[in-house]
K.L.:
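Following this message is one structure expressed as structure tokens.
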Amino acid sequence: MKYLDEEIKKFGWLFKDRLKNDLLQDAIHYVDCNERGLAFETICDQLSEYEVPITKLEYDIAVEICNELEMDTNDISIKHLAELIVN
């Protein structure tokens, strides 16, 4: 799972300049506590809550991580990310 932990961290850091740094660090810290699912969900929730614009590539990465975590891609966090995609 080390690979997936790193992928979640990289995904989170994609939003370094778009999310508040302390919120992002807290979410990413969950990975170090063996809470990778919580880390990923928290990042997605923050993106949704603060309506942070994302790219299609970032969305695709989120879906890939979601699948790797065996989470439901119909989860509200993931579904709402699709609405944040900008060109």
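For reference, positions follow the sequence shown, starting with 1.
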K.L.:
Within the 4.5 Å heavy-atom criterion, are Val86 and Ile54 side-chain neighbours or not?
P.N.:
no
K.L.:
Could you tell me the separation between the CD atom of Gln46 and the OG atom of Ser48, rounded to the nearest 0.5 Å?
P.N.:
10.0 Å
K.L.:
Please determine whether a side-chain nitrogen of the Lys or Arg among Glu58 and Arg18 lies less than 4.0 Å from a carboxylate oxygen of the Asp or Glu.
P.N.:
yes
K.L.:
Could you tell me the separation between the NE2 atom of His29 and the CG atom of Leu38, rounded to the nearest 0.5 Å?
P.N.:
11.0 Å
K.L.:
Taking the side chain as every heavy atom from C-beta outward, state whether Val63 and Ile78 have any pair of such atoms under 4.5 Å apart.
P.N.:
yes
K.L.:
If I take atom CG from residue Leu14 and atom CD1 from residue Ile43, how far apart are they, to the nearest 0.5 angstrom?
P.N.:
9.0 Å
K.L.:
Between Lys9 and Asp5, is there a salt bridge with N-O shorter than 4.0 Å?
P.N.:
no
K.L.:
In this structure, are over 12 heavy atoms from other groups packed under 6.0 Å from Gln25 atom CD?
P.N.:
yes
K.L.:
Is there a side-chain contact between Glu41 and Met71 in this structure, where contact means two heavy atoms from C-beta onward sitting under 4.5 Å apart?
P.N.:
yes
K.L.:
For the residue pair Trp13 and Leu24, establish whether any side-chain heavy-atom pair is separated by less than 4.5 Å.
P.N.:
yes
K.L.:
Does Ile8 reach the side chain of Leu69, with side-chain heavy atoms less than 4.5 Å apart?
P.N.:
yes
K.L.:
Can you name the side chain to side chain contact (heavy atoms under 4.5 Å, CB included) partners of Glu49, sequence neighbours left out?
P.N.:
none
K.L.:
With a 4.5 Å cut-off on side-chain heavy-atom distances among I, L, V, M, F, W and Y, is there a chain of contacts connecting Tyr30 to Ile65?
P.N.:
no
K.L.:
Locate the shortest heavy-atom distance separating Tyr59 from Ala82; write the atom from each residue and the value.
P.N.:
CE1-N, 3.6 Å
K.L.:
Roughly how far, to the nearest 0.5 Å, is the NE2 atom of His80 from the SG atom of Cys44?
P.N.:
11.5 Å
K.L.:
First locate atom CZ of Phe40, then atom OG1 of Thr42, and finally report the distance between them rounded to the nearest 0.5 Å.
P.N.:
10.5 Å
K.L.:
If you round to the nearest 0.5 Å, how far is CD1 of Ile28 from CG of Asn21?
P.N.:
8.5 Å
K.L.:
Checking the side chain of Arg36 only, and the main-chain atoms of Asp32 only, is there a donor and an acceptor separated by less than 3.5 Å?
P.N.:
no
K.L.:
If you look at every heavy atom in Ala39 and Ala27, which pair is closest and at what distance?
P.N.:
CB-O, 3.2 Å
K.L.:
Any heavy-atom pair between the side chains of Pro53 and Leu84 that's under 4.5 Å?
P.N.:
no
K.L.:
Which ILVMFWY residues can you reach from Tyr3 by hopping between side chains whose heavy atoms are under 4.5 Å apart?
P.N.:
none
